[in-house]
Amino acid sequence: MPELPEAETIVRGLRRTVVGETIDHVRVARPDVLRQSRSSFAAGVIGHRIAAIERRGKNVLIQLDQARLIAVNLGMTGGLLPFRAPPRGAARPTHAAITFRFGSGGCLVFNDTRRFGTVEALDETTWRARSSRMGPEPLARGYRPSHLHAALQHSRSPIRSWLLDQRRVAGIGNIYANEALFLAGLHPQRPARNVGREEAYALHAHLREVLNAAIEAGGTTIRDYRNADGGQGEYVRRLNVYGRNEEECLLCGTEIQRIVFGGRSAFFCPGCQVL
DNA sequence: AGTGTATCCTGCAGGC
DNA sequence: TGCCTGCAGGATACAC
């Protein structure tokens, strides 16, 4: 589910609600989302204060005191829901996997229907090593079009697969990869190394444009995704190709096509994106 | 270095 | 109504 814009929306919501809270207790309802034993996870979080909330790619980072943090990968259906008091009745999350209880009486729930998400307590050093294996942040000021162009030249893989690889660029998933490729006029199966300078520059600009616009819209809700307030992402209204197969291209009227490669659906306009 | 396939899960839509 | 198939914002491991 959540890509960079959805993770960013969640991060912004949590900054307003859970920073400053102290974790008094943790309930692990679904141990399979942990990447470590229940006991080392509990030992790594209990008694710690939440100092800040950050994002790296699609991961939400809950920064704790004493150089520790909780790294949350949201997977396909994961979400982080803050509550001022223990939720009752209809407000209760449907698939609570981990619940962090605060000294204030509030709590933070990692809710994940399919449980492809992961939650892990780490120290900063371990996280930094992990983070160094991920690609650059596409929205970072220092990430230039020339960097994208240069990196593309090393790979024969289809550009859509290249964009989904978190080791190459961090945070891009299937929705925004497809949308940016449409705006840049690039066929999803175009070999990365064949993308010319001008095209790479256009892709860089459209990637940023799509990600920024999606953040502004609060993300994209297809079915599961909800922000920290339970609201939906409005970017779904601005999708040009994702999920629009057999509909007309909004630019040229050609029928949007769906193909499958790399185990994922790709959506494109055969008129605007010629291989 | 690629690709295809399978795996981890649940839920929903569509066809019959 | 119910059963079946296919599909899903992700990540990884495997064989070829």
Side-chain angles (χ1 to χ4, degrees), chain A residues 1-11 29-35 55-60 71-80 93-98 110-120 130-131 133-135 138 151-182 188-194 207 210-211 213-215 217-228 231-246 258-267:
Chain A
M1 160 204 80
E3 308 181 29
L4 188 157
E6 291 74 30
E8 180 63 26
T9 302
I10 289 171
V11 162
R30 294 293 197 167
D32 55 354
V33 306
L34 294 181
R35 298 191 56 179
R55 179 188 60 74
R56 174 79 170 103
K58 303 171 186 174
N59 301 279
V60 176
V72 180
N73 186 298
L74 300 159
M76 290 280 246
T77 53
L80 285 161
T94 49
H95 298 269
I98 310 284
F110 175 63
N111 190 68
D112 189 0
T113 307
R114 292 175 69 185
R115 302 202 304 283
F116 288 174
T118 57
V119 177
E120 189 172 12
R130 190 85 55 87
S131 177
R133 276 175 247 131
M134 300 173 60
L152 289 171
Q153 306 314 305
H154 300 299
S155 170
R156 264 187 273 275
S157 89
I159 183 70
R160 198 281 309 260
S161 307
W162 194 95
L163 289 170
L164 292 188
D165 186 339
Q166 301 300 296
R167 294 168 303 189
R168 292 166 158 151
V169 204
I172 298 164
N174 207 22
I175 294 180
Y176 302 113
N178 280 284
E179 291 299 312
L181 289 170
F182 169 76
Q189 287 178 302
R190 181 78 172 275
R193 57 151 56 160
N194 293 358
L207 258 181
V210 162
L211 295 173
I215 290 170
T220 300
T221 296
I222 303 293
R223 58 173 71 79
D224 301 285
Y225 169 72
R226 292 291 122 89
N227 64 32
Q232 305 194 16
E234 300 300 330
Y235 196 80
V236 64
R237 289 193 249 217
R238 314 222 347 224
L239 297 177
N240 283 299
V241 287
Y242 187 86
R244 293 193 66 244
N245 53 112
E246 294 172 38
R258 180 178 90 96
I259 56 176
V260 177
F261 64 92
R264 318 285 301 269
S265 290
F267 302 89

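Every chain is numbered from 1, with letters handed out A, B, ... down the list of sequences.
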Quick one: label A:Arg35 by what it contacts on the DNA or RNA (base, sugar-phosphate, nothing), any heavy atom closer than 4.0 Å. nothing

Nearest-nucleotide check on DNA chain B, A:Asp32 vs A:Arg223; residue mapping nearer the 5' end is A:Asp32

ask   = Is A:Ser161 touching bases, backbone alone, or none of the nucleic acid, heavy atoms closer than 4.0 Å?
value = nothing

From the candidates C:dA8, C:dG10, B:dT10, the one with an atom nearest any side-chain atom of A:Glu3 is C:dG10

Please state the P separation for the pair B:dC9 and C:dG2 - nearest whole angstrom.
27 Å

Checking B:dC9, B:dG2, C:dC7 against the side chain of A:Arg115 (C-beta onward), the nearest is B:dC9

ask   = Between A:Gln166 and C:dA11, does any side-chain N or O lie under 4.0 Å from OP1 or OP2?
value = yes

Any base atoms under 4.0 Å from A:Thr118, or only sugar-phosphate, or nothing? Heavy atoms, all strands.
nothing

Taking the P atom of each, how far is C:dT5 from B:dT7, in whole Å?
16 Å

Margin query: Is the phosphate of C:dG10 approached by A:Thr77 (side-chain N or O, under 4.0 Å from OP1 or OP2)?
Written below: no

key: Pairwise P distance, C:dT1 and B:dT10 [rounded to whole Å]   = 24 Å

Across every strand shown, the nucleotide meeting Watson-Crick or G-U wobble geometry with B:dC9 (both distances under 3.5 Å) is none

Next item on the list: Assign A:Asp112 to base, sugar-phosphate, or nothing according to its heavy-atom contacts below 4.0 angstrom with the strands shown.
Entry: nothing

Rounded to the nearest 0.5 angstrom, the CZ-CZ distance for A:Arg133 and A:Arg167 is 11.0 Å

Closest to the side chain of A:Asn73, out of C:dG10, C:dA8, B:dC9, is C:dG10

Worksheet entry | Any side-chain donor near an acceptor of the partner, A:Thr77 and A:Arg114, under 3.5 Å | no

Ranking C:dC7, C:dG10, B:dT3 by distance to the side chain of A:Phe116, first place goes to C:dG10

Take a 6.0 Å sphere around CZ of A:Arg156 and say whether it holds more than 12 heavy atoms from other residues, nucleotides or ligands. no

- With respect to the phosphate group of B:dG11, does any side-chain polar atom (N or O) of A:His95 fall under 4.0 Å of OP1 or OP2? yes

Fill in: Six-ring centre of A:Phe267, A:Arg244 cation under 6.0 angstrom, axis tolerance 45°
no

Atom CD1 of A:Ile175 and atom P of C:dG10 are separated, to the nearest Å, by 7 Å

query = With rounding to whole Å, what would you report as the distance between C:dA8 and B:dG4 at their P atoms?
reply = 16 Å

Testing the 3.5 Å rule here: is there a donor-acceptor pair between the side chains of A:Tyr235 and A:Glu6? no

* For the side chain of A:Arg114 and the base of B:dC9, is some donor closer than 3.5 Å to an acceptor across the two? -> yes

Ranking C:dA11, C:dA8, B:dG2 by distance to the side chain of A:Pro158, first place goes to B:dG2

* Is there a side-chain contact between A:Ile10 and A:Val72, using heavy atoms and a 4.5 Å cut-off? -> no

Check: What does A:Tyr242 touch in the nucleic acid at a heavy-atom separation under 4.0 angstrom: a base, only the sugar-phosphate, or nothing?
Finding: sugar-phosphate

> Which is true for A:Arg168 with a 4.0 Å heavy-atom rule: it touches a base, it touches only sugar-phosphate, or it touches nothing?
Replying inline: sugar-phosphate

Can you tell me if A:Phe261 is stacked onto the base of B:dT3, using a 5.5 Å centroid cut-off and an angle below 30°?
no

Closest of B:dG11, C:dA8, B:dG2 to the A:Arg156 side chain is B:dG2

For A:Pro5, which contact category applies under a 4.0 Å heavy-atom criterion: base, sugar-phosphate, or nothing?
nothing

Exercise. Does a nitrogen or oxygen in the side chain of A:Arg258 sit under 4.0 Å from OP1 or OP2 of C:dA8?
Worked result: yes

